[in-house]
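Report on the following structure.
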Amino acid sequence: MKKFNITIAGGGSTYTPGIVLMLAEESYRFPVEEIKLYDNLASRQEPIGKAMEIMMKEQHPEIKFSYTTDPEEAFTNIDFVFAHIRVGLYAMRELDEKIPLKYDVVGQETCGPGGIAYGMRSIAGVLEILDYMEKYSPDAWMLNYSNPAAIVAEATRRLRPNSRIINICDMPVALENIMANILNLESRKEMIVKYYGLNHFGWWTSITDKAGKDLMPELKAFVKEKGYAKETEDYQHRAQSWKDTYLMAKDVYALDPETVPNTYLKYYLLQDEVVEHSNKEYTRANEVMDSREKEVFDTAKGIIEKGSAEGYTFAVGAHATFIVDLACALAFNTKERMLLIVPNNGAISNFDPEAMIEIPCLVGSNGPEPLAVGKIPEFQKGLMEQQVAVEKLTVDAWMEHSYLKLWQALTLSKTVPSAKIAKKILDELIEANKEYWPELS
């Protein structure tokens, strides 16, 4: 069986160790010859790379492992790129969250002004990696879950239309794991789901088991009362912000009891409540920097100082398992059913055919085959049209260096109350992002 060469772009990410370990552990179904880490920031990648080098040599010596900041070395002779870059790191995420909150507007890394700011930073980084792939390994697939996925997907659709990129998100997978737990199933893979929407902006319309039994009534009864807040060990270890998010799903559900919602809809439908419960001085970025960021780099430091990974481990998350599933589907033509971000092209019949939507697809060696959704209700259609316009205007602004288009995008976001507030936020974001955004005029 062929063994695959993988580059992980964003080698200094705190999620990287989990992906490397998942690839090693799943090599019985997805054989790996070599794993390379790539990052353009050597100082951040170095501790992750060095620690993983020690761990892989001890635990999986059969897999070649290296890390580099040289694009030619990173992207030559590879089959897949797993991309999860964060342009500006957590320092910029903190500003993405705190600047809007100054004006009592949602401060979140992928939604509202924060998501727009992050998108304006991410576009160039993802395009750069695609261009390296085109130069050094043109037949490789990029599995991209760099955020904000919706804006990145719209940009790559327009600016690199022939690239072999699949934009993915692990949030629906994480929620489906919770749903499976609520339904007392062993795995989310026991469920067949129907879902439609945009990234971080969607609804489940049907969930059955493989025998066709409707599981929605039981799930809806739970979500109506508790959202996704099931008291499990995993739930107890969650940060308070996540517990609040899971609980608030019941209030989003009340707006359309025919479906069950993605948790991110709270930012668009319960904006005032979200802001009211936000700590303007200590946001999710601060939580992550003080928890996962610290834990991963402390673990890496410990491994390096000891010269051995014995007694150390890294967490493997839902994103890692999902990306290996997708790579298997592409490599072995499995036709696995997965939620992916793809051009609509009529899958939702009463919606913009060019919009990048998130729906179930069958994945084989030629990529995703979107499954037809049909017509969607007016409520969801109206919300989605507004948000797609925000995403398209943001990409317009990046391409055209247009202040006006970005002001329009912020004004149109359902999270922002007025054009006046949008302009104040935009002017502060421009100042904060001088190093990263195109100059706007």
Side-chain angles (χ1 to χ4, degrees), residues 1-10 13 15-35 60 63 78-84 140-147 149 152-153 164-181 183 185-197 199-200 202 204 206-210 234 262 314-342 356-371:
M1 188 182 290
K2 175 179 167 58
K3 290 188 173 183
F4 298 95
N5 297 326
I6 315 292
T7 293
I8 299 174
S13 166
Y15 289 110
T16 293
I19 296 168
V20 173
L21 292 178
M22 174 58 65
L23 282 167
E25 290 163 12
E26 299 285 314
S27 60
Y28 68 92
R29 67 184 180 113
F30 184 68
V32 176
E33 178 78 28
E34 181 176 12
I35 299 172
H60 302 280
I63 297 175
I78 54 165
D79 301 293
F80 290 94
V81 172
F82 295 177
H84 59 165
W141 283 100
M142 180 199 277
L143 310 186
N144 179 60
Y145 49 112
S146 305
N147 271 323
V152 170
R164 289 163 67 86
I165 179 172
I166 299 178
N167 291 287
I168 63 177
C169 177
D170 64 351
M171 192 62 209
V173 174
L175 283 173
E176 286 175 13
N177 284 335
I178 293 171
M179 292 174 190
N181 196 295
L183 296 165
L185 302 174
E186 286 188 18
S187 165
R188 69 177 182 85
K189 293 193 176 184
E190 293 181 46
M191 307 186 308
I192 298 172
V193 308
K194 292 183 180 179
Y195 177 97
Y196 68 83
N199 182 238
H200 288 181
W204 281 266
S206 168
I207 300 177
T208 67
D209 65 17
K210 289 188 175 178
D234 177 64
N262 190 305
F314 292 100
V316 177
H319 62 284
T321 55
F322 183 54
I323 207 164
V324 173
D325 287 343
L326 178 55
C328 281
L330 292 163
F332 304 121
N333 200 37
T334 63
K335 301 294 183 181
E336 183 163 353
R337 187 184 178 111
M338 309 183 84
L339 291 180
L340 299 172
I341 303 162
V342 292
M356 296 299 290
I357 61 172
E358 192 169 52
I359 57 171
C361 302
L362 299 180
V363 185
S365 54
N366 292 322
E369 300 171 23
L371 298 173

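One-based numbering along the sequence shown. A quick note: this is a predicted structure, and the numbers were derived from the prediction, not measured.
- Going from atom CG of N177 over to atom CZ of F322 covers 11.0 Å, rounded to the nearest 0.5 Å.
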task: Apply side-chain contact (heavy atoms from CB on, under 4.5 Å) to M191 and L183, showing your working.
output: CA-CA 10 Å; M191 307 186 308; L183 296 165; 3.9 Å; yes

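- At distances below 3.5 Å, not a single donor-acceptor pair connects side-chain atoms of R188 with backbone N or O atoms of A174.
- Atom OG1 of T7 is separated from atom CD1 of I78 by 4.0 Å, given to the nearest 0.5 angstrom.
- Two residues are said to be in side-chain contact when any heavy atoms from C-beta on lie closer than 4.5 Å; M1 and F332 meet this criterion.
- Rounded to the nearest 0.5 Å, atoms CG (D325) and CG (L143) are 11.5 Å apart.
- Y145 has its ring centre no less than 6.0 Å from the ring centre of Y15.
- L371 has its side chain out of reach of K194: every pair of non-hydrogen atoms, C-beta onward, lies at least 4.5 Å apart.
- Nearest heavy-atom pair across V342 and C361 is CG1-SG, 3.9 Å.
- T16 places a side-chain N or O within 3.5 Å of a backbone atom of G10 that can act as its donor or acceptor partner.
- Looking only at side-chain heavy atoms (C-beta outward), D79 and K2 come within less than 4.5 Å of each other.
- One finds the CG atom of L23 at 7.5 Å from the CD1 atom of I63 (value rounded to the nearest 0.5 Å).
- With N333 contributing its side chain and S365 its backbone, the two residues share a donor-acceptor pair below 3.5 Å.
- Taking both residues in full, the closest heavy atoms of T334 and A329 are given as OG1-CA, 3.1 Å, listed atom of the first, atom of the second, then distance.
- Counting only heavy atoms from C-beta outward, the side chains of I323 and M22 never approach each other to under 4.5 Å.
- Expressed to the nearest 0.5 Å, how far NE2 of H84 lies from CG of N147 amounts to 11.5 Å.
- K210 approaches K189 most closely through the heavy-atom pair CE-O, 3.1 Å.
- Listed here is the closest heavy atom pair of P172 and L339: CB-CD1, 3.5 Å.
- The minimum heavy-atom distance between L362 and K335, with the atom names listed, is CD2-O, 3.7 Å.
- In this structure the side chain of L340 reaches within 4.5 angstrom of the side chain of L326, judged on heavy atoms.
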query: Can you list the steps and then say if C328 with R29 is a side-chain contact (heavy atoms from CB on, under 4.5 Å)?
result: CA-CA 8 Å; C328 281; R29 67 184 180 113; 3.8 Å; yes

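- For I341 against M356, the heavy-atom pair with the smallest separation is O-CE, 3.9 Å.
- Y195 OH to W204 CH2: the interatomic distance, rounded to the nearest 0.5 Å, is 5.0 Å.
- Counting only heavy atoms from C-beta outward, the side chains of L330 and F80 approach each other to under 4.5 Å.
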